[in-house]
Amino acid sequence: MKKHNFYAGPSILSPYTIQNTADAVINFADMGLSILEISHRSKQFQAVVDEAVALTKELLNVPEGYSVLFLGGGASLQFAMSAMNFLNKKAAYLDTGVWASKAIKEAKLFGEVDVVASSKDKNYNYIPKDYVVPADVDYFHYTSNNTIYGTEIHKDPEVPVRMICDMSSDIFSRPVDVSKYDLIYAGAQKNLAPSGVTICIVKDDALGHVDRVIPTMLKYQTHVDKGSMFNTPPVLPIFAALQTLKYYKSIGGIEAIQKINIEKADKLYKAIDESKMFQACVPAKEDRSLMNVTFVMKPEYKEFEKDFIEFATAQGMMGIKGHRDVGGFRASLYNALPMESVDALIECMHEFEAKH
Ligand SMILES: *Cc1c(COP(=O)(O)O)cnc(C)c1O
């Protein structure tokens, strides 16, 4: 039976990425060796990193004066590392969920944190709108897509300072104005590669403005200077990331991808809104994530939630159980998920409804 991969992360990768990575595990760049057993200093792997950097810059229209890094430690390390490198006195943070809260917690270790707004009062099912970011903060930090709750900030916010953003679960899903940011970071395992690498896009001249002593490995400058090769980088995930980037370019780049993402999400939200049994977790349409669609059973059908997960799983829908903080269901529609899978899930919902 065909499996449809709705996992939230690690999550679906393109068949192109999987096939080329599998091939390289056997024989990388015609070296007669596996990608798992070659030096990261080989010219063949250096070419992989160079091309991954170049394609990231091309796809996201990264302006001059920014470096693209491939680091270890996950997005979670970036919560601390970003504050360590950019927070002098005070920074503004938007609290839109667990990931944002974790970033806030780490930032507090390094300076004053002004939480300008929070949607915690409604279990993060909306994006706060009327907040003010003071002009005297070092930066404004936000999470563009809230993977757990299914909310998303679809456009770069308009604020009087440069921004730092956790784009772990929607990077490469839509165009971004990189020039508004000091730093964009994203764990790769949601829209790019297997877990193990974090992509960072950092503004070079924004570095070096904090007074504290920063350990070598936690300084962006170290990695900028060495082109992500200060120490052994995550070789396999970087190789896989390059395959995904090539695939993104081959299908028309980020604008083409965004168009398909909108079609996929619109179709699923419409099916949920029109159904008799299901309802979306995020009421405001403009706040709904295109990447993670969260939904539950209406109160009168609540008892069927477990049955639906079993029913859907038996039909090949993998990973649709909602996060424990939200419950219900979550269908992640990352770039690599085909429309066919969205159609299959909708069909499955219709069949379940017809039976009850
Ligand atoms: C998954 C996720 C993280 C955590 O990433 P790790 O790489 O596991 O540290 C952080 N932020 C967001 C928005 C995520 O979706």
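Counting begins at 1 with the first residue of the sequence. Whatever order the structure lists ligands and atoms in, that order sets their numbers, starting from 1.
- When the options F311, F295, F352 are evaluated for a ring-ring contact (aromatic ring centres under 6.0 Å, His included) with F329, the one that passes is F295.
- In this structure a side-chain-to-backbone donor-acceptor pair under 3.5 Å is present from H223 to M217.
- A salt bridge is absent between K219 and D225; no separation between the charged side-chain nitrogens and carboxylate oxygens falls under 4.0 Å.
- H141 and Y93 have their aromatic ring centers within a separation under 6.0 angstrom.
- Ligand 1 is surrounded by G74, A75, S76, F79, W99, T143, N145, T147, D166, S168, S169, Q189, K190, each with at least one heavy atom closer than 4.0 Å.
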Let me see the working for F308 and Y301 under ring-ring contact (aromatic ring centres under 6.0 Å, His included), right down to the final yes or no.
CA-CA 11 Å; F308 179 68; Y301 295 105; over 10 Å; no
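- Residues Q315 and E351 bring a donor and an acceptor atom of their side chains to less than 3.5 Å of each other.
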